[in-house]
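Hydrogens, waters and symmetry mates play no part in the numbers below; they use all other heavy atoms, side chains included. Every chain is numbered from 1 and lettered A, B, ... according to where its sequence line falls, protein lines coming before strand lines.
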Number of protein chains: 2
Amino acid sequence: MDRFTALQVFRHVAELNGFAEAGRRLGLSPAAISKNIAELEAHVGARLINRTTRRMALTEEGKIYLEHVVRGLDALSEAEQALSPLRTGPSGTLRVSAPMTVTLTRLSAAIPRFLTRYPDIVLDLHLDDRRVDLVREGFDLAIRGSDSLEDSSLIARKLTVMRHVLCAAPSYFEAHGRPRVPSDLRSHDCVRFSLSGHADVWEFKKGGRTERVPVNARYSVTSSLAVRDALREGFGLSLMPKPYVEDDLREGRLQCALEDWGTVETTLYAIYPSRQHLAPKIQAFLAFLAEEFGRP
Amino acid sequence: MDRFTALQVFRHVAELNGFAEAGRRLGLSPAAISKNIAELEAHVGARLINRTTRRMALTEEGKIYLEHVVRGLDALSEAEQALSPLRTGPSGTLRVSAPMTVTLTRLSAAIPRFLTRYPDIVLDLHLDDRRVDLVREGFDLAIRGSDSLEDSSLIARKLTVMRHVLCAAPSYFEAHGRPRVPSDLRSHDCVRFSLSGHADVWEFKKGGRTERVPVNARYSVTSSLAVRDALREGFGLSLMPKPYVEDDLREGRLQCALEDWGTVETTLYAIYPSRQHLAPKIQAFLAFLAEEFGRP
DNA sequence: ACATATTGTTCACCGTCAGAGGATAATCCG
DNA sequence: CGGATTATCCTCTGACGGTGAACAATATGT
């Protein structure tokens, strides 16, 4: 027996005061109605409706039962209504995990725009360079660099590719000279971003050839922003994701070298648990990310 | 999809925090659990549980949904608990319809004993010589004389058979003589119980022969008790159900005639709507009736 | 570090059960 | 007294929910 439909049948019969009428309303044959009621009575172990072919009335048990059943069914239908706002419009709490640096350099300035556009969304943004466990910690979405290989069953959506550039302050180049080929770096002061997957060896490509240069660094640090600060001070040179130093390059605080060599690329992904039944709030944030990282 | 089980599955998964565990508890395979959740999500149109093979957590939607679902399911299980006292012990309101005279002569004195034995039963006894419509008027049970032929789908349980006796007061017999054969009645004053099926012609049987005597009555009345009162006053004679005049006969207020002739019999039935899922309160009353009418 | 165990998912297969449809009996209504 | 409506019974069938295997991912233990 499908208890859910049996209960609905019972309710309709009771409220419409008739088997046939209930059948019409529910799109079932009178036979089905009869069967459902009979089975429900067998399940409950009590007669719920006294009936002849022409007349029907709830028994005392039926009245008591109906009362509870109505409450129960209403609560359940309410359950689905409660979800409908979350399904139709982007709303609710959105828990996002993102690496510190990416966020500060490419995202956080735009967040207010996102929140203004979707007034019913509450954003809980955790800046954390750890590779968090999405489901364990209850995140709706995380932003990750490409180092972290594809996880398990999670969905990864590519946001952007960040080219890297070798750069330093003009003062540094004046003092130490400007490298012409990758191997020149052996005699330079490098600043090392220790969380990178390519922290110890830098690769440069040109016309099919690949040069690998061991990094000669006296300063290792776990934040690209700290690296950038060191570069600005003229302390050394480093391989930086280009977007992080865009402003510095434009305004002359930093300069590039070996620009005709290709270097590492970091791909940014948005990671989320499933593609099915994607909540509007998550869809909205994904669209926002795509738009944001789609800019030049 | 059986929505009821799907909801139970969802609840168990959420509360036990795991598909496998829920499956064990519910006696279902993990595959079934997975399927149920997936279908429920499809029905609701939102992801309810984020899950990997090792970890699971409710989404925001899931949390909201769970809350309502729990309330709903609890209300429904309460529904069945609410019936259990009615199922296990005889209790609740018992609506009974019975003919006036039968009740007064054979039952009403015993009713207090019944109510004392079952303290949780409330009795609503309607004395009415009409042949009521059980289901229309919401009666649990009715007592009927045999005149009313077997109804429809209702169940009839035989309670007792009442023999009839021709009787009158001693003073009447002194004044008008005592009939020796049925045909003598033509010259007697009869009192007529007009609701009887045999009001106009009385039948007497003896050794295979049947005598029919038209009733010669100056007084017709719709209550056997009124007939009895008339007899007691010595006004006439009548055919009375024997139990109604038992006391009068024993104490000499009335006397029988034509005792060696067989007469009409009235069978008393208890009528109730269905044999299936007979409520304990009804069972109890039926047993009480059988006991009461089973006495000599 | 490797083997083992556990978990959620997918797939093909199958047994069962809920519903349709027709027939029947009972009952109401004009 | 028919015609109309109603609940119920019966049989048949298609759909659907469950199993059980294989599989992928991830803990756990020695």
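Using a 4.0 Å heavy-atom distance criterion, E21(B) is classed as making no nucleic acid contact. Nucleic acid contact class of I33(A) (heavy atoms, under 4.0 Å, all strands): none. Heavy atoms of G27(A) sit under 4.0 angstrom from primed sugar atoms or phosphate atoms, though from no base atom. If you check every strand for non-hydrogen atoms under 4.0 Å, A38(A) touches nothing. In this structure, A31(B) reaches the bases: a heavy-atom distance under 4.0 Å links it to at least one base atom across the strands shown.
Mapping P30(A) and D133(B) onto DNA chain C via the closest heavy atom, the residue that lands nearer the 5' end is P30(A). When the nearest nucleotides of DNA chain C are assigned to E39(A) and R136(B) by heavy-atom distance, the more 5′-ward of the two goes with E39(A).
Residue D2(A) contributes atom CG, which lies 13 Å from atom C1' of dA15(D) at whole-angstrom precision. In this structure, CG of N50(A) is placed 11 Å from P of dT8(D), rounded to the nearest angstrom. dA12(C) atom C1' lies 10 Å from atom NZ of K35(B), rounded to whole Å. What separates CZ of R3(A) from C1' of dC17(C) is a distance of 17 Å, to the nearest Å. Rounded to an integer number of Å, the gap from L16(B) CG to dT6(C) P is 18 Å. We find that CZ of F19(B) is positioned 18 Å from P of dA25(D), with the value rounded to whole Å. Remark: C1' of dT7(C) and CG of N17(B) are 13 Å apart, rounded to the nearest angstrom.
Between dT8(D) and R51(A), a contact under 4.0 Å exists linking OP1 or OP2 to a side-chain N or O. Taking 4.0 angstrom as the limit, R55(A) places none of its side-chain polar atoms (N or O) nearer than this to OP1 or OP2 of dT6(D). For the OP1/OP2 pair of dT19(D) and a distance below 4.0 Å, the side-chain nitrogens and oxygens of S29(B) include at least one atom meeting the criterion. OP1 or OP2 of dT6(D) lies within a sub-4.0 Å distance of a side-chain N or O belonging to R24(A).
Of all heavy-atom pairs spanning R55(A) and R136(B), the tightest one is NH2-NH2, 2.5 Å.
Of the options N36(B), V9(B), L16(B), V13(B), a side-chain contact (heavy atoms from CB on, under 4.5 Å) to L26(B) is made by V9(B) and by none of the others.
With no hydrogens or angles considered, no side-chain donor-acceptor pair links H68(A) and Q81(B) at under 3.5 Å.
Side-chain proximity of A32(A) to the nucleotides dA20(C), dG18(D), dT8(D) is greatest for dA20(C).
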Full working for ring pair (Phe, Tyr, Trp, His ring centres under 6.0 Å) between Y118(A) and F288(A): CA-CA 11 Å; Y118(A) 301 108; F288(A) 165 72; 8.5 Å; no
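Salt bridge D74(A)/R11(A): present, at least one basic N to carboxylate O contact under 4.0 Å.
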